[in-house]
Q: 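Take a look at this one; I'll ask things after.
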Amino acid sequence: MKYEPRTLGWAGLSPHEAETIRCVHEALADRLSSPWQLDEHARDDVVLADPLTTQGQEALRVSGNPIAVLDRSAGPSNDYHHDLIRPLRPCALIEAMNAAGTQDAFMAEHPEASMAEHDEPPATSTPKSLAQTLHDAATDADRHTVYVIDGLGDAPLVVDAAGDRLHGPYDALSHARLHESTPVQVRAMSRVAAEALIRDAGGARTTTFAHLWRVVCCESDDTPLFGCIETTLVQLTRWPNFSTMQIPRALFRVATRAHYRSNTARALADETGIAMGQVIALLNAAWLTGYLQVTGTAPRQKAQPRHGIRGSLASRIRSRLGTV
Amino acid sequence: MEHKILITGTMGAGKTTAIGQISETPPVSTEVANTRRDEHAKATTTAAFDYGEVNLGEDEVLRIYGTPGQERFSFMWPVLARGAIGIIYLIDFSRDEPISDLMRFIDAFGAAARDIPSVVAINKIPDEESLAVTTFQEFLECRGLDWPAIRTDVRNREDVLDIVEILLSLGEADPEPEEA
């Protein structure tokens, strides 16, 4: 089912704040639980307004769903049902938009919309390994589908790639478990149904895909999950978060090379001089969390180490700074 | 032979501190009393540019320049960037609109600087702000800029070395040639 986008407006905010809203809306659309249209009018479905401006006061008065944007110096206020404290931050903004645009609110305003279309799809058993299932969930083009894996622990594991979260017995995702070829039971469901499942399960066992990355990197042996180290060409599809993934500095070179061009694991190890085990660990983590794609196969041959001018300059700088 | 790394960012972003972490010589800092307390509350600021260096031996030196952060000096930024082996965009996340800050700096440096290996290093991120780096990363992608963003605390030398390592790695790894 397609939802009518809700409209988000603002009043009395600075141009830079408006820019931040646009940036969040454009760059983080997959973290929003419902579609939005930005439209700078005070009578939109939801309006962000500064009560210290005339336009903001007017918007807070006429809007059915206003969010006051307050200066930090003003401190928390009980005057508004919803408020955000300056500076506008992506987390808080996304949370506010998701709260304002929840399915419940939408359905309350559009009772004609049938819930039948949101019914959970029937559970399907797939002949996939746990690792393949996680990879598929992380790279699913339909970023609003949530996957539920049964049988890993006392509760189902909810894999929500768009929301960057794993909910449930994620501790069971050990390296050994990821290499098991035993098929797992997987259900695809809507975000609404998944939220209900999480509520029913209770507890707060939620983590992010970065956690999964770190587990794979720490526990990895020399077994590649993504294919053959000699012939499978792989490439990073986006930059990993070097901080939250806790990528060791020694592997930055592998990450940048894997980002810029398709390479085999063997070529990456040869070109950078990094141990194959570490290269495989990085690529395994990237593959499992949806950062790595397989781009083809290469003939089996040994790559030539690079000795370019830039490479030697980098080596001298590294040596001098003590980073090698 | 001389090589140059540029650190740019708003006033108070931590450029002077970052240079001090890696320079082998005491950084040359042209600090004067800050007359723009509306931009940042610190008492002194950089009037020309900060400068540090790493001696690579045999008359080879890596020079690290910090640009003056005030926008009225933005005309200097692309000039300083010429010939640089890397640019570090140091963002002060505690400011009101850090994304817009980055946007202004990218625009000020101009199209020529886009081919220089660059890293966006985000300083002063509160612990609870888990989406900050992702926001910047995806924002860069939206702008068609294939640069990594990284969280940093320039008070830690290791963090600054991480940034330099990414820059060096970018310089070593040739981007895939675009298809005709």
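Throughout, protein chains are lettered first and strands after them, A, B, ... in sequence-line order, and every chain is numbered starting at 1.
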Q: My understanding is that only residues two or more places apart in sequence, or in another chain, count here; which of them pass ring pair (Phe, Tyr, Trp, His ring centres under 6.0 Å) with A:Phe209?
A: none

Q: Any Lys/Arg nitrogen of A:Arg316 or B:Glu60 sitting under 4.0 Å from an Asp/Glu carboxylate oxygen of the other?
A: yes

Q: Compare all side-chain heavy atoms of B:Leu170 with those of A:Tyr260 and state whether any distance is below 4.5 angstrom.
A: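 The answer is yes; the side chains approach within 4.5 Å.
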
Q: Heavy-atom distance under 4.5 Å to chain A: side chain of B:Ile99, backbone, both or neither?
A: side chain

Q: Tell me, side chain or backbone of A:Ile247 under 4.5 Å from chain B's heavy atoms, or both, or neither?
A: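 Neither part.
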
Q: Could you tell me whether B:Arg155 atom CZ has more than 12 heavy atoms of other residues or ligands within 6.0 Å of it?
A: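 No.
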
Q: So for B:Met103, is it side chain, backbone, both, or neither that comes closer than 4.5 Å to the heavy atoms of chain A?
A: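 For B:Met103, the side chain is the part near chain A, not the backbone.
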
Q: With a 4.5 angstrom heavy-atom cut-off, is it the side chain or the backbone of A:Thr208 that approaches chain B, or both, or neither?
A: neither

Q: Would you call B:Glu172 and A:Arg318 a salt bridge, taking side-chain N to carboxylate O under 4.0 Å as the test?
A: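 Here B:Glu172 pairs with A:Arg318 in a salt bridge, since their nearest N and O are under 4.0 Å apart.
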
Q: Report, in residue-number order, which members of residues 3-10 of chain B are under 4.5 Å from chain A by heavy-atom distance.
A: B:His3

Q: Are the side chains of A:Ile317 and B:Ile85 in contact, using a 4.5 Å heavy-atom criterion?
A: yes

Q: For B:Asp146, is it the side chain, the backbone, both, or neither that has a heavy atom closer than 4.5 Å to a heavy atom of chain A?
A: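 Looking at B:Asp146, backbone and side chain both touch chain A.
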
Q: Tell me, for B:Leu161 versus chain A, whether the close heavy atoms (under 4.5 Å) come from the side chain, the backbone, both or neither.
A: both

